[in-house]
Number of protein chains: 2
Amino acid sequence: MNEFQRRSAEINDLLCVLNVLNWDARTQMPAGGSSARAQQQATISALAQEKLLDPAYEAAAQVVSGDDSTDDVENRAAQQALAAVSALRRIPAELTRELALLKSEAQDVWARAKAANDFSMFAPALTRMVELNRQLAEALGYEGHPYDALLNLYEPGVTVATLLPLFERLRAHHVPLLKAIQQQPQPRSEFLNRSYPADAQKRVSLTLAQKFGYDTQRGRLDESAHPFEISFTRQDVRITTRFQENFLSGALFGTLHETGHAMYEQGVRPELSRTVLTSDLTGLYAVGGASYGTHESQSRLWENRIGRSKAYWELHFPQLQAAFPEQLADVDTDAFHRAVNTVRPSLIRVEADELTYDLHIMLRVELERQLIGGELAVKDLPEAWNARIKSDLGLDVPDDAHGVLQDIHWSAGMIGSFPTYTIGNVMASQFYAAALEQVPDLEAGLLRGEYTPLREWLTDNIYQHGRTFTPHELLIRATGRGLDPQPYLDYLSGKYGELYGLNLQKEQTT
Amino acid sequence: MNEFQRRSAEINDLLCVLNVLNWDARTQMPAGGSSARAQQQATISALAQEKLLDPAYEAAAQVVSGDDSTDDVENRAAQQALAAVSALRRIPAELTRELALLKSEAQDVWARAKAANDFSMFAPALTRMVELNRQLAEALGYEGHPYDALLNLYEPGVTVATLLPLFERLRAHHVPLLKAIQQQPQPRSEFLNRSYPADAQKRVSLTLAQKFGYDTQRGRLDESAHPFEISFTRQDVRITTRFQENFLSGALFGTLHETGHAMYEQGVRPELSRTVLTSDLTGLYAVGGASYGTHESQSRLWENRIGRSKAYWELHFPQLQAAFPEQLADVDTDAFHRAVNTVRPSLIRVEADELTYDLHIMLRVELERQLIGGELAVKDLPEAWNARIKSDLGLDVPDDAHGVLQDIHWSAGMIGSFPTYTIGNVMASQFYAAALEQVPDLEAGLLRGEYTPLREWLTDNIYQHGRTFTPHELLIRATGRGLDPQPYLDYLSGKYGELYGLNLQKEQTT
């Protein structure tokens, strides 16, 4: 190891340790441990930042990047380290301190405001959060809109200028499709809310995850209040789900979703462990995926493109029925497949179907962009939210807890992260379309439950590279095009057209 | 916080994080995670050592210790930090590196040698381990025997010169008592090996632990191959047990044992969290107990003095019987109490009863002392071991796996730690005798299952102080005497005399 590699390994170890502390806090830690744990996390986090901003690290990265014999991958690692150092140096220490403090305070305030169903309790903290994020954007720098600087933290290369036309195209497709669906009768789905013991849900979910290729020699499934995936190098990639006794599809698809994230992390080349290319240095987080959107493309691909397909349930429904013979006695594969693909406008993002999910995201992105741009005041946010829910989804928001207060993101300071969910949807369809084109007999194999060829194509084209390439580069290399919503729109129209017996006109889908 | 406190908190955080990583590795981590985890642990460990040996830390400790306004406790913290820094500085970096390397290698070699039942496979690694520990003793310094320097790492203040007379006195008591017991008929105990489902064992064990006062808002019970207790500040103190379906008393008393350790850690004063006084700085380990022996005194006190007493089972046996109605249908309180106090010479230390346990310990201490002193060669170790088992316990050792290869300690480099088990036994009886004397109606309360007065006395006298006082100081403060085996010998003679109907002559017991 050279000096740059040695220091990078140390930083990555610290970030992996932070992930272990985080996983433990969310799945195992007794309630009494929280304040001591927060201090331990703060100490490790400060050490990681100190090591990253150590002038000797920058110097070591410069030696590597200035050396003609450095190979391409190593050179990219050095470049990324230098970019992160430069970005972090641009942020005033006082702003970093204030943001960290506000993030921890604002989450408490938000939780109380949500419980009390009172946006005005949260408004001052959110106002301050918007202000500090505006300062952060100015410190980081941008060419077009200040929101670009924040978005870039989660999805490098995407800007407001590229995002808006994409979203307009999605909206022009989604809204009429939703209206057409709403004129059709809904399939039955009441059986999803029968009583499903958590133990059996966990067994089935884990079996299905393993069938996709999740390696439990290098991972495990636990329960937590909010499902997540987290990795401590590719050798230990853990997932969690929430098991609700009266909601079978929650844990089931939740697990398939996290499995997609996990297989991405497990598929990173071993050589990238303990390097910059499995570290989000600006965010001080150990992660092997290229971006939030790229990561989300893999959870969505495995959860939705595969896990909600007809072929998938033709193969696996008997297994599910065997696990829950009484609960699913009067259900067949077709009914189950229709039930888990029901489109129905709802108030809550995390409960939304594939189609309305994007509308929830676009609403948030539009509003946070306006907040950062100074076009919308925090006090006017609930009204703007409710109006948009009404116009897009036709629903009246009864209270803030079911509206503007539902998500933790803004209180956690994650302004700029929402777009990545929809970007992930778009990328998932692009990658899947490319795999179908490039892998002979892929679809025929999937009908037989052969997931390895797809996972291997994804590993070759995406997973193995870790953070070596930007999302755009990955797309170009794998699909020949940049971000392109067409495969995604074709998928949604085709799927729901068939499920709801719609006679869609071509102009809606292109 | 002053500079010394701030730096101490940071070091303690790192040591607590090491404990989290260790706990996770032993209870949760998938097999594939081990090598990455070892690197993460090495990184955190190196950082802790770096922070400890930073000249600025020594300077900050000197400021505190040189300041007349420093209070006694803070002054002790500074003194302990200075002593640890001075000790660690005496150890050549090369020796530290070699020892760390050998420890990890030797444990693998030992595991293979034990599986193959072949001491000669382990002999070279052990020879080197003895040699490096001799060098360590020379580096640390000692007045009497080189073994003193090693012993001092685990039990400050105890030396070969004080240990030998203590052990002689124990042997003079234990060996004849054992012979007398062996002439008596044994109680039945076959029911302990019936089938006890692990789930029910865990429920009962945890209930009994909580009844003692183990706070599960600040702790949790898990399963691991070897039971242990570990803390990440007093706010998060975890224990593990091994549940064997055909051995009820293993998990039961194992849990009570670890509960004693855990209540010690949970009872440390909150003010000592994140200080030197909950850090073993020389061993780079977060721990609130004064020494290995003091810690062991608490596990033994709760497991044996309380947990194996007649009064305890008169109160709790009905509960056990309710949990295992079929398995314990033909057993009554008396039979159960006798069964869990059976004395029977055996080959394996961890399966030994209270009386023969000390003989196992004294054998190991004698041999490791001779190894370090150069009086015994590694190649002659199995013969010496087997001879001693024959003379003390009357047993023939059939093979090395049941003899000299049974314990992990030497391969883990822990030469000098064995005495602390027996010292713990001795201290447990001293503390318990003092509590009986000082707390009115303590015994009457215990008959009613009131454990709080005992726990509070122990908290006042021992737990709350963390590592503020040496074991000797704790003994003097709480019992008025230094290490004194008399209460322990009285306890064993009294208990076994009664259980086995012995007519013991007074000179055996004093």
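Residue numbers begin at 1 in each chain, while the letters A, B, ... track the order of the sequences.
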> With only heavy atoms counted, which part of T216(B) is less than 4.5 Å from chain A, the side chain, the backbone, both or neither?
Replying inline: backbone

>> Quick check on side-chain contact (heavy atoms from CB on, under 4.5 Å): which of N12(A), D13(A), D236(A) does Q40(B) satisfy it with?
In response: D13(A)

>> So, taking the atom named CZ in R274(B) and the one named OG1 in T43(A), what distance separates them when rounded to the nearest 0.5 Å?
In response: 5.0 Å

> Among D215(A), I44(A), D24(A), V20(A), who wins on heavy-atom pairs under 4.5 Å with chain B?
Replying inline: D24(A)

> Below 4.5 Å, heavy atoms only, C-beta onward: do M29(B) and F232(A) meet side chain to side chain?
Replying inline: no

> Just wondering, more than 12 heavy atoms not from Q217(A) lying within 6.0 Å of its CD?
Replying inline: no

> Looking at V17(A), T233(A), L14(A), which makes the most heavy-atom pairs under 4.5 Å with chain B?
Replying inline: V17(A)

> What are the two closest heavy atoms between R238(B) and P30(A), and how far apart are they?
Replying inline: NH2-CD, 3.6 Å

> Does any N or O in the side chain of Q235(A) come within less than 3.5 Å of the main-chain N or O of G32(B), such that one atom is a donor and the other an acceptor?
Replying inline: yes

> Do you know which of Q41(B), E10(B), Q39(B), R234(B) has the most heavy-atom pairs with chain A at a distance under 4.5 angstrom?
Replying inline: Q39(B)

> Got more than 12 heavy atoms from elsewhere within 6.0 Å of CZ, R269(A)?
Replying inline: yes

>> Please classify the contact between R37(B) and chain A as side chain, backbone, both or neither, with a heavy-atom cut-off of under 4.5 Å.
In response: side chain

